[in-house]
Amino acid sequence: MPAACDSVLEDIEDIVSAEDLKPHDRQFVRKNVFPKVRKRNSQKNIQTDDDPPSDSIIPGAQKIWIRTWGCSHNNSDGEYMAGQLAAYGYKITDNSAEADLWLLNSCTVKNPAEDHFRNSIKKAQEGKKKVVLAGCVPQAQPRQDYLKGLSIIGVQQIDRVVEVVEETIKGHSVRLLGQKKDNGKRLGGARLDLPKIRKNPLIEIISINTGCLNACTYCKTKHARGDLASYPIEELVNRAKQSFQEGVCEIWLTSEDTGAYGRDIGTDLPTLLWKLVEAIPEGAMLRLGMTNPPYILEHLEEMAKILSHPRVYAFLHIPVQSASDSVLMDMKREYCVADFKQVVDFLKEKVPGITIATDIICGFPGETDEDFQETVKLVEQYRFPSLFINQFYPRPGTPAAKMHQVPAAVKKQRTKDLSQLFHSYNPYDHKVGERQRVLVTEESFDSNYYVAHNPFYEQVLVPKDPLLMGKMVEVNIYEAGKHFMKGKPVSDARVYTASVTRPLGKGEVSGLTEEFRHTLQNGTNWKAHPSAEIPVKTPLSSWMALQLPWQQEGSGLKILSVSLALLALLVMFYYGGMKTEL
């Protein structure tokens, strides 16, 4: 039988011939070896086309549907978030069904608004949509059960909405709820020069401050917006000027309490308003937002002068909530009915024709029939042309929710009775036949008319003539309803064009330079900052490398996002071009 070996090996190295590769050579030929891709049969590892792995999703290519509830401050936040997302390449859609992600911007003032918000979350989840939550509800109570596992963007963090949306689309849950501060001092919120998409290209909503100085026992908004924090006058004036340069002809000033503006930064509302008036071009108008009685009392003389200015609407929203001092005390409103009457009587005398709008809560805890009748008498006395009647809803976490509640049937009946009183008079009948100057800014809900407002911010419906939109014209009032008048344009009257330039188109992003718009449309080179360059015609890298002025502050989350996207690209290119044979 032949031996296994013809000779005896003296050393293990003798088994390696001279032609064989040495270990050092083997190390450097590995670059020519290509791994073979294995097919995994395990069901848990199968990825469908509808649900790609998170690291292969390209941010900035999805469609986003935005829904906003609540006040004009919330609407302004929604416009800013839409603008930033659109500037980064996301498509803002009006069709919720086709959207990849729903951005739900909530309101916490009343239970029905939160119910709509909660139902929308459920609907989005049933439709397999990605969800990002914003507004006062998640800011005030982020630990609610129905918010678990969902991404949240805080009311002061809206300048980081792109980051939150980006991570959410990848399947991550992100929550940014912090406050913005400068040297320990709380700021009004995100910067005012952010890109935005105005719901109405002719109307700019400017939040002059956030939060308030009150502690009303029924208010949930305080939990979300916090204490007063005002924007500097210079920033607000610059925002107004920019708006007029973009074709805006009407500015709304908004906040939780405009009357308290500036108390935290050593100024006041009249000082701001006089600066803004200087920036308003002929044919444009300024509308003031809601102010509580205590903070307007000390400025009545100046406010009367400002409200008499031809470029400021003679309109003021002053919530009274109740005409009972005992109820106001339980609400912790910090004024009495006599204070409210003093403000209204003074302004009516000094600003003839002024429109005073107010709010009333029916059925606040402890409200008696006598208390309610005092409120009824107040409405009978002033016959407010604009009256917001609200049935009381106890908001969780507020002191009023723990008070003895008025029976639901009684609250409902009082709300009904006050509503009937309000609809029993027509505030505009005496104005039929008048000749009024109006500013046309929008289309009516039924699409049959254009909507304009006269100097007292009363609604006037005019014919749908495209030449009237954005113009200030004179009309003859020929009909009056409960909430509106109808006017016919005077043929020989002068027409004022308020806009200093062509208004932006519907859905067009505000606050972008022409150079940047060209970049977004054509994918060409653009540099926003010395450290930010965009390669030619590379949409994805354009999105990732772009460093806009409002994003120059360092962000660990942003760096992580870009790194993951780059890693995904490398993996895709590597496996896409490799061979499967050894």
(request) Take Ile389 and Cys362 through the side-chain contact (heavy atoms from CB on, under 4.5 Å) test and state the conclusion after the steps. (result) CA-CA 7 Å; Ile389 302 170; Cys362 294; 3.9 Å; yes
(message) Could you go through Thr441 and Glu250, starting from their C-alpha distance and side-chain angles, then the distance that decides it, and tell me whether this counts as side-chain contact (heavy atoms from CB on, under 4.5 Å)?
(response) CA-CA 8 Å; Thr441 56; Glu250 186 170 289; 3.7 Å; yes
(message) Using a 6.0 Å cut-off, check whether atom OH of Tyr449 has over 12 heavy atoms from anything other than its own residue.
(response) no
(message) So for atom NZ, which belongs to Lys199, do other residues, nucleotides or ligands contribute more than 12 heavy atoms lying within a distance under 6.0 Å?
(response) no
Looking only at non-hydrogen atoms, find the nearest pair between [X] and [Y] and report the distance.
| X | Y | result |
| --- | --- | --- |
| Pro201 | Leu504 | CB-O, 3.2 Å |
| Tyr450 | Val440 | CB-CG1, 3.7 Å |
| Trp252 | Ser72 | CE3-CB, 4.4 Å |
| Leu236 | Ser207 | CD2-O, 3.8 Å |
| Ser151 | Thr168 | OG-OG1, 2.7 Å |
| Ala124 | Trp102 | CB-CE3, 3.3 Å |

Does a salt bridge link [X] with [Y], judged by any charged N lying under 4.0 Å from a carboxylate O?
| X | Y | value |
| --- | --- | --- |
| Arg160 | Glu163 | yes |
| Glu443 | Lys464 | yes |
| Glu166 | Lys170 | yes |
| Arg414 | Glu367 | yes |
| Arg198 | Glu204 | yes |

Of all residues at least two apart in sequence or in a different chain, which pass the salt bridge (charged side-chain N to carboxylate O under 4.0 Å, His left out) check with [X]?
| X | value |
| --- | --- |
| Arg333 | none |
| Lys128 | none |
| Asp446 | none |

If we ignore hydrogens and angles and just use 3.5 Å, is the side chain of [X] paired with the main-chain N or O of [Y] as donor and acceptor?
| X | Y | value |
| --- | --- | --- |
| Gln139 | Val155 | yes |
| Asn209 | Tyr231 | no |
| Ser324 | Asp371 | no |
| Gln84 | Ile158 | yes |
| Asp339 | Cys336 | yes |
| Ser230 | Tyr261 | no |
| Thr108 | Thr221 | no |
| Thr258 | Thr254 | no |
| Ser255 | Asp257 | yes |
| Arg175 | Pro142 | yes |

(request) Starting from the C-alpha separation in whole Å, work towards a yes-or-no answer on salt bridge (Lys or Arg N to Asp or Glu O under 4.0 Å) for Lys122 and Asp115. (result) CA-CA 11 Å; Lys122 183 178 180 182; Asp115 291 341; over 6 Å; no
(request) Might you work through the side chain to side chain donor-acceptor pair (under 3.5 Å) test for Glu256 and His73, ending with a clear yes or no? (result) CA-CA 8 Å; Glu256 283 64 58; His73 193 165; 2.9 Å; yes
May I ask you to test the [X]-[Y] pair for a side-chain heavy-atom distance under 4.5 Å?
| X | Y | answer |
| --- | --- | --- |
| Asn292 | Pro319 | yes |
| Phe340 | Thr358 | yes |
| Leu133 | Leu147 | yes |
| Pro112 | Trp69 | no |

Nearest 0.5 Å please: distance from the [atom1] atom of [X] over to the [atom2] atom of [Y].
| X | Y | atom1 | atom2 | answer |
| --- | --- | --- | --- | --- |
| Ser510 | Ile197 | OG | CD1 | 9.5 Å |
| Gln391 | Thr415 | CD | OG1 | 4.5 Å |
| Cys216 | Asp330 | SG | CG | 12.5 Å |

Please list, chain by chain and in numerical order, all residues satisfying side-chain hydrogen bond (donor to acceptor under 3.5 Å, both in side chains) with [X], sequence neighbours excluded.
| X | value |
| --- | --- |
| Asp227 | Lys222 |
| Gln413 | Asp417 |
| Tyr146 | Glu114 |
| Tyr393 | none |

(request) Scan for ring-ring contact (aromatic ring centres under 6.0 Å, His included) pairs involving residues 316-336, sequence neighbours excluded, and state none if there are none. (result) His317-Phe388
(request) Using the six-membered ring of Tyr80, assess whether NZ or CZ of Lys196 lies under 6.0 Å from its centre and within 45 degrees of the ring axis. (result) yes
(message) Among residues at least two apart in sequence or on other chains, which ones pass side-chain contact (heavy atoms from CB on, under 4.5 Å) with Ala134?
(response)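 With neighbours one apart ignored, the set is Met81, Leu103, Asn105, Ile153.
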(message) According to side-chain contact (heavy atoms from CB on, under 4.5 Å), who are the partners of Lys482, at least two apart in sequence or on a separate chain?
(response) Phe422, His423, Tyr425, Asn426, Pro427
(request) Only pairs at least two apart or in different chains count here, so list each salt bridge (Lys or Arg N to Asp or Glu O under 4.0 Å) that has a residue in residues 93-106. (result) Lys63-Glu98
Going by atom type alone, with no hydrogens or angles, which donor-acceptor pairs under 3.5 Å involve a side-chain atom of residues 401-409 and a protein atom two or more places apart or on another chain?
from, atom 1, to, atom 2, distance (Å)
Gln405, NE2, Ala400, O, 2.9
Gln405, NE2, Met403, O, 2.8

(request) For Arg287 and Tyr457, run side chain to side chain donor-acceptor pair (under 3.5 Å): C-alpha distance rounded to whole Å, both residues' side-chain angles, the deciding distance at 0.1 Å, then the answer. (result) CA-CA 8 Å; Arg287 193 196 80 173; Tyr457 203 68; 3.1 Å; yes
(request) Please name the residue in the list Val509, Val132, Val162 that meets the side-chain contact (heavy atoms from CB on, under 4.5 Å) test with Leu85. (result) Val162
(request) Any chance you could lay out the side-chain contact (heavy atoms from CB on, under 4.5 Å) test for Leu202 and Glu442, step after step, and finish with the verdict? (result) CA-CA 8 Å; Leu202 296 174; Glu442 55 190 318; over 6 Å; no
(message) Is a donor from one side chain sitting under 3.5 angstrom from an acceptor on the other, for Asn390 and Tyr218?
(response) no
